[in-house]
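Below is one structure; the comments refer to it alone.
Along the sequence shown, residues carry numbers from 1. Remember, it's 1-based here, ligands and their atoms both numbered in the order they're listed.
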Amino acid sequence: MGSKTALVTGITGQDGAYLAELLLNKGYVVHGIKRRASLFNTDRIDHLYQDPHVENRNFILHYGDLTDSTSLIRVIQQIQPDEIYNLAAQSHVAVSFEEPEYTANSDALGALRILEAVRILGLERKTRFYQASTSELYGLVQEIPQTETTPFYPRSPYAAAKLYAYWITVNYREAYGLYACNGILFNHESPIRGETFVTRKITRAVARIKLGLQDKLYLGNLDAKRDWGHARDYVEAQWLMLQQDTPEDYVIATGEQHSVREFVQLAFGEVGIEIGWEGQGVDEVGIATSGLSRAVYGKYRNPVVVAVDPRYFRPSEVETLLGDPSKAKRQLGWHPKTSFRELVSEMMREDLKQAEKDELCRREGYRTYDYHE
Ligand code: NDP
Ligand code: GDR
């Protein structure tokens, strides 16, 4: 049997990059859909890039967009994939309140467009489909911990769009016999996590504060609790779901929960900065009690390195999420390999390297990127 062919939407994203690498290591020919941008947006997969002028490539990118059926049908027709991983999405919960219609178009209808493309092209018996579903479906949680049977209660336009995608995936499985699965993945992070998600925002800021490139980290809800795992472990589960005899839906999580405040504390601890907390609610601040340079302590007696900014509060918040991955452990043999502490440590290490480069550039008189979100 020749090598399998996979199509990954969202290949330029965090999960797309890890999954592409995993599939290439397993001998797949990997096709990815990327959308057109005014700048190159392939940083995360540049190490996998192959010159289009070379023959027999096993990593091939196509332009396309989840909001454009024509591009999806064309690419799927050309590739005739054995497996499709639908990872593309407007994936930021807070942004979905600002762009609800676009979020519904890409995240809800995008999944439908791919499923229909498979059907229109008569690939129902050939092509297996993975949908990137999310713990955000549980929203206002109805049961702790959350399992495959916990009722959903979405709390954002993002979650409502993903709810449609979840059910349309189930429906195409039941109506047309498609091998289609939902992975209900809890938050997973990595050094290549988008900079505006809370974990990466924290590790990036902590590194920059340590090196004197930034004074303060502004955050929203410090009490939010999440079940955080490593993206590298979670893409393994995505692949496993498409290798079974029957298609089913699975919760992927660590079964352990931490607050945003704990994440902050641990991240600062990684670079030897100790934090004391003062105040409450919007007035809560994190004060560095040791570990900053003498110059900083000379300037401020009590350097406030963390402050709450209500602009990061969400119109309706998901306060707490905790997953139960027992089914995935039992049926897929999947286990999370990276502990919370290792995750924070790895992210801090990589962001420190980046901050060191920025610091060097600044010292040598080059402008560096100072954008904070
Ligand atoms: P990212 O935001 O890092 O990546 C999203 C990808 O989707 C990017 O490649 C992006 O392209 C692409 N994309 C966005 N809109 C479109 C569009 N209209 N057409 C085509 N491509 C588009 O997300 P993650 O890698 O973290 O997550 C992968 C998937 O898993 C997403 O669907 C997300 O909602 C879901 N998910 C993520 C979890 C997590 O904790 N990471 C947990 C549960 C679910 P570009 O690079 O051009 O922006
Ligand atoms: P989430 O991730 O909304 O869970 O969605 P995010 O990291 O954005 O937020 C986690 C929690 O932290 C709180 N928070 C902040 N969040 C951000 N982004 N910025 C802040 O400054 C900040 N301060 C506090 C949030 O309120 C929230 O409670 C992610 C995405 O990857 C989704 O695509 C995915 O479906 C879910 O995880 C599972």
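Note on Arg226 versus Glu256: no salt bridge recorded, every NZ/NE/NH1/NH2 to OD/OE distance being 4.0 Å or above. Comment: Arg362 does not engage Glu359 in a salt bridge, judged by the lack of any side-chain N to carboxylate O separation of less than 4.0 angstrom. Ionic pairing of Glu270 and Arg349 is not present here: no N-O contact between side-chain nitrogen and carboxylate oxygen is shorter than 4.0 angstrom. Ionic pairing of Glu284 and Arg261 is present here: one or more N-O contacts between side-chain nitrogen and carboxylate oxygen are shorter than 4.0 angstrom. Salt bridge status for Arg173 with Asp249: present, with a side-chain N to carboxylate O gap under 4.0 Å.
In terms of protein heavy-atom proximity, atom 37 (C) of ligand 1 is nearest to His188 CE1, 3.9 Å. Of the protein's non-hydrogen atoms, the one nearest atom 9 (O) of ligand 1 is Thr12 OG1, 2.7 Å. Ranking protein heavy atoms by distance to atom 43 (C) of ligand 1, first place goes to Leu185 O, 3.1 Å. For atom 36 (N) of ligand 1, the nearest non-hydrogen atom of the protein is Tyr158 OH, 4.0 Å. Counting protein heavy atoms only, atom 25 (O) of ligand 1 is closest to Asp15 N, 2.8 Å.
At a heavy-atom distance under 4.0 Å, only side-chain atoms of Lys162, from C-beta outward, approach ligand 1. By the criterion of a heavy-atom distance under 4.0 Å, the side chain of Lys201, and not its backbone, is placed next to ligand 2. At a heavy-atom distance under 4.0 Å, no atom of Ala231 approaches ligand 1. Contacts with ligand 2 closer than 4.0 Å are made by backbone heavy atoms (N, CA, C, O) of Thr196 only, the side chain lying farther away. At a 4.0 Å heavy-atom cut-off, ligand 1 touches Arg193 through the side chain alone. The proximity of Tyr102 to ligand 1, defined as any non-hydrogen pair under 4.0 Å, is limited to the side chain.
Closest to atom 8 (O) of ligand 2 by heavy atom, among Glu189, Arg226, Arg261, Arg314, is Arg314. The closest non-hydrogen atom to atom 31 (O) of ligand 2, taken over Glu136, Arg193, His188, comes from Arg193. When the heavy atoms of Val198, Leu321, Thr199 are ranked by distance to atom 7 (O) of ligand 2, first place goes to Val198. Compare Ala89, Gly13, Ser91 by their heavy atoms: the one nearest to atom 7 (O) of ligand 1 is in Ala89.
Using cut-offs of 30° and 60° on the angle between ring planes, the pair Phe152 and Tyr166 is perpendicular.
In this structure, Gln146 contributes its side chain and Leu322 its backbone to a donor-acceptor pair below 3.5 Å. Under the 3.5 Å distance criterion, the side-chain polar atoms of Thr127 are matched with a main-chain donor or acceptor of Pro81. In terms of modelled atom types and a separation under 3.5 Å, the side chain of Asp227 and the main chain of Gly323 share a donor-acceptor contact. Judged purely by atom type and a 3.5 angstrom limit, Thr67 has no side-chain atom pairing as donor or acceptor with the backbone of Ser106.
Not one N or O of Ser106 is nearer than 3.5 Å to an N or O of ligand 1, by distance alone. Considering backbone and side-chain N/O atoms, Tyr312 never comes within less than 3.5 Å of an N/O atom of ligand 2. Between Leu87 and ligand 1, at least one N/O pair is under 3.5 Å apart. Between Leu66 and ligand 1, at least one N/O pair is under 3.5 Å apart. Polar contact with ligand 1: present for Arg35 (N/O pair, distance under 3.5 Å). Between Ser133 and ligand 1, no pair of N/O atoms sits closer than 3.5 Å.
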Query raised in the report: After noting the C-alpha distance and the side-chain angles of Glu116 and Arg119, does the key distance pass the salt bridge (charged side-chain N to carboxylate O under 4.0 Å, His left out) rule?
Result: CA-CA 5 Å; Glu116 259 310 286; Arg119 218 164 69 83; 2.8 Å; yes
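For ligand 2, the atoms sitting less than 4.0 Å from at least one non-hydrogen atom of Val318 are 28 (O), numbered in the order shown with element in parentheses. With ligand atoms numbered from 1 in the order given, ligand 2 contributes 38 (C) to contacts under 4.0 Å with heavy atoms of Ser135. In summary, the atoms of ligand 2 found under 4.0 Å from a heavy atom of Ala224, numbered by their order in the structure, are 28 (O). When each atom of ligand 2 is checked for a heavy atom of Val93 under 4.0 Å away, the hits are 3 (O), 5 (O). Applying the 4.0 Å criterion to heavy atoms of Val260 picks out, from ligand 2, the atoms 12 (O). Of all atoms in ligand 1, listed by their number and element, those nearer than 4.0 Å to a heavy atom of Asp65 are 17 (C), 18 (N), 19 (N), 20 (C). Listed by atom number, the atoms of ligand 2 under 4.0 Å from Gly220 heavy atoms are 21 (O), 22 (C), 23 (N), 24 (C).
A cation-pi arrangement is present between Arg128 and Tyr179, with the terminal nitrogen or guanidinium carbon under 6.0 Å from the aromatic centre and inside a 45° cone about the axis. For the pair Lys329 and Trp334, the cation-pi test (distance below 6.0 Å, angle within 45°) is failed.
Of the options Gln14, His230, Glu346, a side-chain hydrogen bond (donor to acceptor under 3.5 Å, both in side chains) to Ser190 is made by Gln14 and by none of the others. Considering Lys357, Arg200, Lys201 in turn, Arg200 is the only one that fulfils the salt bridge (Lys or Arg N to Asp or Glu O under 4.0 Å) rule with Asp351.
Using a 4.0 Å heavy-atom cutoff, Tyr158 is listed among the residues neighbouring ligand 2.
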